[in-house]
Amino acid sequence: MSFDLLAEPIRRYVRDQRWETLRPIQAAAIQHILASDDNFILASRTASGKTEAAFLPILSKVDFRQPGVRVLYVSPLIALINDQFQRVEELCKYLDVRVTKWHGEASRTAKKQLIQHPEGIVLITPESLEAMFVNAPYSVKTLFSQLQYVVVDEIHSFLGTDRGTQLQSLLARLGAVPAGRFAVVGLSATIGDYAEAKRFTGDAARTKVLLDRTGRVMLTQFRYFPATGADLPLDLLKDLYKQTATSKALIFPNSRGLAELIAVKLGQIAGRVGGHANYFSHHSSVDKEVREYVEHFAKHNQRQPFCIACTSTLELGIDIGSVDKVVQVNAAHSIASLIQRVGRSGRRDGEPSQLLLYATDPWSLLQSLACWLLYQEGFVEPLRQARHPYDLLLHQALSITKERGGLPRAELLRQLQANAAFPDIAAPEINDILDELLRLDWLESLGPELIIGVAGEFVVNSRAFYSVFQTEPAYKVVHAGNTVGEIPYSPQVQENENLLLAARIWKIRFVDLAARRIEVVPAHDGKKPLFFGGAGAVHPRIREKMLHLLVADSQYAELDAPSQEALRGLRQEFAGFAWPAQLTHERPVIVKDQHLVLYTFTGTKINRSLAFLLQCLDVEAPYDESTSSFSLCLAPTRLPDLFEQLRLFADDVEFHLTQAVTATPALLDFAKWSASLPLPQQVAVLKERYYDFGGASAFLRDTVRLLSQQESV
DNA sequence: ATATCGCGCCTGCATG
């Protein structure tokens, strides 16, 4: 059916691929994209042929004999562009259509040629598109005045992020370039809020979602090995070795340091017992060429088993083939992340893949179990774009002014107001931001126009202008002229210290502080590398599920005996409460000798907000995110009073936030362009994106019953 | 050292 709708050369391509049938998402996309010029979100799991689902109908539909770039593909990763280039180019051979990579590492000659003869398909990153608007606005017009389709790959990775808002704004600006409109096709994993995904295209009313919910069949097992220190228990590593020794496995331990530790330790065990030598690590601090080697090894080795200990670098769609075991060490921070990781598995022979979930403490086990159950239930964290991204508006105001070489203030205001990325920011607020930019000399008035100011020239002409995220300076780790990777500066960076990187052990021979370069030689024993970073935000729904699991007496066959024992032990601690049959807004309080412990069982942002409010009230209350709990020196009977007081603060927290931002500007480090905003907008950014005072207020209002029990001795 | 991760880049000039 769908197949017959395709253009003849595309049908030939499909036949040559020897696919037995089109995938459901492909069949649906072909029918819908060929039938209308609407925007679409194609949502289905990893490796379900989404790229082809978009390109088969688009290539059938678009007339490439006309001049100009007709299709623009936007990707969050250079590596993905390079991957997709091969696939799309292969497909385009059947049509004689040119495909051009356009990113910072792509050939400049190819870019120049494209400017001379704009045609075909361009694959680009958001930052390169930003750079093109800023540095070569005439090229934007030359290239894209005939644009018919924009394909956004891995659109879920942009949802709820600053980079997503930037991309939305760039698409809005791009929308003014062609005479007609272009349609947007977003490719996505299953996500939590499709209304939000539709908004992302800039025209929710004209966007339809095509969704294939087919998941993976996985054999799941929870395994429990209690840890005493910060490192992983030896028994866990031995068990992990046994479980993965003859498999193709991906291991996700949530941090770069632990990924190194696992890769090295498993490699050492393998060396002792005569196992294979294919133990790798893969994360942002491993040198790019090393990572590419690992990806290539995984993709092209049909027979040999391997183990890659990795971070979210292997969550997105880079093609590494499929693996037969996915291992999660301690709970993933989100269900969205767990979905992506599970999606990496899948065996051709029809055998189900295996998911191993290790835990090293009872709370992590509980969180892991909660995530896994929510995943089974089909829950994914809903993500919202910030409604008041003043910092990104500031960045785009500079970008547009540079693009236009100056423009009337009223026109800049109008353009920002009309931009779909900023629908909830009103004109007076935009004017406040423009005034602040004038005051900083980042903008300047010249007659009726605004132009880039003297100080602003340094900003918009610096390399850092094109991105909306910060990166810390890193030290390059070099062995015998070869780059191994890079690490941040830490107390560990000293001569004769040993560290792990790229799945090997090194001794630091020499540190060149000026050149940010660390010379290393191989060694036999070392520590995992140190990295900085705040904790990831856990969604309230996960914590609520944890509470439900704690109160229930449900058993799960997927838990091994030690896991069952750990869960039983944790349930025991909370067994004395008189839980109602229907658990809604009750929360436990454990009363100890000198203090009480309040378990909020809510999300990170709400906990963070509660901690801030307690600080405002000068209440000493150390807070532990892994157990979602606060310690208070207070009689339990005083808690309702305290909640009432906190609520009053929550409803009017601006004053305290203003004080906090003034005293500690580093609070806004998470938002690169916020430092140059007027103070009220800085406070607004902090309030909307770092905290959740609305959620905190609702928590304080709704948590009507605090059940308490004396600690059993 | 309480504690996740990840993403990007222009221009000019030298060298092979």
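Every heavy atom of this structure was used, including side-chain atoms; hydrogens, water molecules and symmetry mates were not. Below, chain A is the first sequence line, B the second, and so on; all start at residue 1.
Across all strands shown, T313(A) has heavy atoms under 4.0 Å from sugar-phosphate atoms exclusively, and none from any base. Contact annotation for R608(A): no contact, since no heavy-atom pair falls under 4.0 Å across all strands. Among the protein residues, G104(A) comes within range of the sugar-phosphate backbone only, with heavy atoms under 4.0 Å from sugar or phosphate atoms but none that close to a base. Counting any heavy atom pair closer than 4.0 Å across all strands shown, L530(A) reaches a base atom. S128(A) comes within 4.0 angstrom of the backbone, heavy atoms only, and of no base.
No side-chain N or O of D391(A) forms a donor-acceptor pair with one of S674(A) less than 3.5 Å apart.
When distances are taken from the side chain of N135(A) to each of dC9(B), dG6(B), dT11(B), the shortest belongs to dT11(B). Comparing atom distances between the R108(A) side chain and each of dG6(B), dG8(B), dC13(B) picks out dC13(B) as nearest. Checked against dT4(B), dC9(B), dC7(B), the side chain of S255(A) finds its nearest nucleotide in dT4(B).
The OH atom of Y690(A) sits 11 Å away from the C1' atom of dA3(B) (whole-angstrom rounding). As a whole-Å value, the separation of N330(A) CG from dT2(B) P is 19 Å. The separation between I78(A) atom CD1 and dG6(B) atom P is 15 Å, rounded to whole Å. Here dT2(B) presents its C1' atom at 14 Å from CG of D361(A), a figure rounded to the nearest Å. Distance L159(A) CG to dG6(B) P: 20 Å, rounded to the nearest Å. The interatomic distance linking L383(A) (CG) with dG6(B) (P) rounds to 18 Å, in whole Å. Remark: C1' of dG6(B) and NE2 of H282(A) are 12 Å apart, rounded to the nearest angstrom. The separation between D669(A) atom CG and dT4(B) atom C1' is 17 Å, rounded to whole Å.
A parallel orientation is assigned to the rings of F200(A) and F158(A), their planes being inclined by less than 30° (bins at 30° and 60°).
F379(A) carries R541(A) over the face of its six-membered ring, with the cationic atom under 6.0 Å from the centre and within 45° of the normal. Taking the ring axis of F601(A) as reference, the NZ or CZ atom of R543(A) does not stay both within 45° of it and closer than 6.0 Å to the ring centre.
Checking I487(A), T483(A), V286(A) one by one against V477(A), the side chain to side chain contact (heavy atoms under 4.5 Å, CB included) holds for a single residue, I487(A).
A donor-acceptor contact under 3.5 Å is not formed by the side chain of S157(A) with the base of dG6(B).
OP1 or OP2 of dG6(B) sits under 4.0 Å from a side-chain N or O of R256(A). Neither OP1 nor OP2 of dG8(B) sits under 4.0 Å from any side-chain N or O of T125(A).
Stacking annotation: F465(A) is not stacked on the base of dC9(B) (requires ring centroids less than 5.5 angstrom apart and an interplanar angle below 30 degrees).
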